Enquirer: 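Handing you this structure, nothing more for now.
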Amino acid sequence: PQHGYIIRQCCRRHFKTHIDGVSRKIIIYSNSRAVLPSLKAVVESELMELDLRSHVVQCDGECFSEEKDFYMKMFNGKLGGNTIDCRALIATSGVASSGIDNCDVTCIKRH
């Protein structure tokens, strides 16, 4: 699909220019919950192609607040006592008020 090409290009530009040991993060918003899994698959594929072993979080507005909190902690890299390398959040706009406060976010793309 067209969204796959656009997101793939965004990831390539963003991640290729930042392979420097710094965990740059991206957020991709969509109005449709239905496309989130395919967007996540595209980002995961690009991360693997660039040999960046990282997690991608998918969250939508219909998640319970506990789930959103869990996903935001995962995206922010702090889940319990563990440090997690999570480079991308794929979400609907219903997640916007869920505590996304991360200075490593250097790219936000609305799909």
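If you're wondering where the values come from, they're calculated on a predicted model, not measured in any experiment.
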Enquirer: At what distance, to the nearest 0.5 angstrom, does OH of Tyr29 lie from CG of Leu89?
Expert: 6.5 Å
Enquirer: Exactly one of Glu49, Glu46, Glu44 should register a salt bridge (charged side-chain N to carboxylate O under 4.0 Å, His left out) with Arg8. Which one does?
Expert: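 Exactly one pass, corresponding to Glu46.
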Enquirer: Identify the heavy atoms of Val43 and Cys11 that sit nearest to each other, and give their distance.
Expert: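 Scanning both residues completely, I find the closest heavy atoms to be CG2-SG, 3.8 Å.
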Enquirer: Is there a side-chain contact between Arg87 and Asp85, using heavy atoms and a 4.5 Å cut-off?
Expert: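 Side-chain contact under 4.5 Å: yes.
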Enquirer: Distance from Gln58 atom CD to Arg33 atom CZ, nearest 0.5 Å?
Expert: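 Atom-to-atom, Gln58:CD and Arg33:CZ are 10.0 Å apart.
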Enquirer: Counting only heavy atoms not in Lys40, do more than 12 fall under 6.0 Å of its NZ?
Expert: yes
Enquirer: Assess the residue pair His55 and Leu47 against the criterion (side-chain contact (heavy atoms from CB on, under 4.5 Å)); give the C-alpha distance rounded to whole Å, side-chain angles, the decisive distance to 0.1 Å, and a yes or no.
Expert: CA-CA 9 Å; His55 294 279; Leu47 287 168; over 6 Å; no
Enquirer: Please check if the side chain of Lys109 supplies one atom and the backbone of Ile7 the other of a donor-acceptor pair under 3.5 Å.
Expert: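 No, the answer is negative, given that no donor and acceptor are paired below the 3.5 Å cut-off.
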Enquirer: Quick check: closest heavy atoms across Phe75 and Ile27, and the distance to 0.1 Å?
Expert: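 For Phe75 and Ile27, the tightest heavy-atom pair comes out as CZ-CG1, 3.8 Å.
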Enquirer: Under a 4.5 Å side-chain heavy-atom rule over Ile, Leu, Val, Met, Phe, Trp and Tyr, are Val57 and Met48 clustered together?
Expert: no
Enquirer: Do the side chains of Lys68 and Cys59 get nearer than 4.5 Å, heavy atoms only?
Expert: yes
Enquirer: Backbone N or O of Cys86 within a donor-acceptor pair of the Lys25 side chain at under 3.5 Å?
Expert: yes
Enquirer: List the steps and the verdict of side-chain contact (heavy atoms from CB on, under 4.5 Å) for Glu67 and Tyr71.
Expert: CA-CA 6 Å; Glu67 290 175 294; Tyr71 291 133; 4.2 Å; yes
Enquirer: Tell me whether Thr92 contacts the main-chain N or O of Gly61 through its side chain, where contact means a donor paired with an acceptor under 3.5 Å.
Expert: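 Side chain of Thr92 to backbone of Gly61, a donor-acceptor pair under 3.5 Å: yes, one is there.
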Enquirer: As an exercise, state the distance from CG of Asp60 to CD1 of Ile90, rounded to the nearest 0.5 Å.
Expert: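 Spacing of CG (Asp60) from CD1 (Ile90) equals 12.5 Å.
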